[in-house]
Amino acid sequence: MSVRQPSNTARARGLTHVLPAEVSLQDALAAVADPVRRSILRELAAVPEWTKACGTFDLPVTKATRSHHFTVLRAAGLIEQRDEGPRRLNRLRRPEFDEAFPGLLDLVLSHPGR
């Protein structure tokens, strides 16, 4: 499995990014099954890449649970994250994920709310 680590800072060394093409359908479906994760994906789809920091999402969960959701999305190849100063910015990996799972992200993003 190919894993990308975006930088050498101690904080960023904990970030691993899996290529969507190497994610199983089961893992992709499990990642998008949770309403909080779908909310994250919808928010990311609505903004330019690398403009949304983790702390700016309106989520009804604790900070630890929020981190877990971002980890699941990274492991499923749905998002990429990078650190800029104290902020962790996010990018929806739509082109790569669409290539691996055509139509799945469109369905998830078009489904209203929770």
Side-chain angles (χ1 to χ4, degrees):
M1 180 181 309
S2 298
V3 175
R4 180 172 169 246
Q5 293 185 348
S7 98
N8 288 329
T9 67
R11 182 172 176 229
R13 275 195 290 271
L15 291 178
T16 56
H17 295 89
V18 178
L19 298 173
E22 296 178 347
V23 173
S24 72
L25 177 59
Q26 180 63 38
D27 288 344
L29 291 172
V32 300
D34 185 276
V36 171
R37 291 193 286 269
R38 288 193 307 269
S39 173
I40 292 169
L41 295 173
R42 278 192 296 277
E43 285 192 50
L44 283 176
V47 298
E49 293 184 348
W50 304 118
T51 60
K52 189 93 171 142
C54 292
T56 64
F57 287 83
D58 183 23
L59 303 173
V61 296
T62 66
K63 186 175 179 181
T65 302
R66 176 186 306 246
S67 290
H68 168 74
H69 286 302
F70 282 108
T71 299
V72 170
L73 291 171
R74 253 192 352 263
L78 280 155
I79 66 168
E80 186 176 6
Q81 296 180 303
R82 73 175 185 208
D83 292 337
E84 277 191 16
R87 299 174 47 178
R88 179 159 286 168
L89 300 178
N90 298 276
R91 171 181 90 88
L92 180 61
R93 298 176 76 181
R94 188 166 193 156
E96 303 99 302
F97 195 82
D98 284 345
E99 187 176 323
F101 302 100
L104 180 58
L105 200 48
D106 286 336
L107 179 63
V108 168
L109 294 175
S110 68
H111 191 272
R114 295 180 170 227

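- Counting only heavy atoms from C-beta outward, the side chains of Phe97 and Val23 never approach each other to under 4.5 Å.
- Inter-residue side-chain proximity for His17 and Gln81 is flagged as met; some heavy-atom pair is nearer than 4.5 Å.
- Nearest heavy atoms, Val36 versus His69: CG1-CD2, 3.5 Å.
- Looking at heavy atoms from C-beta onward, Phe70 lies in side-chain contact with Ile79 at the 4.5 angstrom threshold.
- Qualifying salt bridge (Lys or Arg N to Asp or Glu O under 4.0 Å) partners for Glu99, counting only residues two or more places apart in sequence or in other chains: none.
- Looking at every heavy atom in both residues, Ala33 comes nearest to Arg38 through O-NH1, 2.6 Å.
- Note: the hydrophobic cluster containing Val72 does not contain Val108 (ILVMFWY, side chain heavy atoms under 4.5 Å, direct or indirect links).
- In this structure the side chain of His68 reaches within 4.5 angstrom of the side chain of Arg37, judged on heavy atoms.
- The line from CG of Asn90 to OG1 of Thr51 is 9.5 Å long, rounded to the nearest 0.5 Å.
- Residues Thr16 and Arg74 share a closest heavy-atom pair of O-NE, 3.2 Å.
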Side chain to side chain contact (heavy atoms under 4.5 Å, CB included) assessment of Leu15 paired with Arg88: CA-CA 10 Å; Leu15 291 178; Arg88 179 159 286 168; 3.5 Å; yes
Evaluation steps, side chain to side chain contact (heavy atoms under 4.5 Å, CB included), between Leu105 and Leu41: CA-CA 9 Å; Leu105 200 48; Leu41 295 173; 4.3 Å; yes
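- Leu92 has its side chain out of reach of Glu49: every pair of non-hydrogen atoms, C-beta onward, lies at least 4.5 Å apart.
- Inter-residue side-chain proximity for Arg94 and Leu109 is flagged as met; some heavy-atom pair is nearer than 4.5 Å.
- A salt bridge links Arg93 with Glu96; the closest basic N to acidic carboxylate O contact falls under 4.0 Å.
- The shortest distance between side-chain heavy atoms of Leu29 and Phe101 does not fall below 4.5 Å.
- The line from CG of Asp58 to OG of Ser39 is 7.5 Å long, rounded to the nearest 0.5 Å.
- In this structure, Val47 is not a member of the same hydrophobic cluster as Ile40, with clusters built from ILVMFWY side-chain heavy atoms closer than 4.5 Å.
- When every heavy atom of Thr56 is checked against every heavy atom of Glu43, the shortest pair comes out as O-OE1, 4.4 Å.
- When all heavy atoms of Ala31 and Leu73 are compared, the pair lying nearest together is O-CD2, 4.2 Å.
- Pro20 places none of its side-chain heavy atoms less than 4.5 Å from the side chain of Leu78.
- Heavy-atom minimum distance, Val18 versus Glu22: CG1-CB, 4.5 Å.
- Residue Asp106 holds its CG atom at 5.5 Å from CG of Asp98, rounded to the nearest 0.5 Å.
- For the pair Thr65 (side chain) and Val61 (backbone), a donor-acceptor distance under 3.5 Å is absent.
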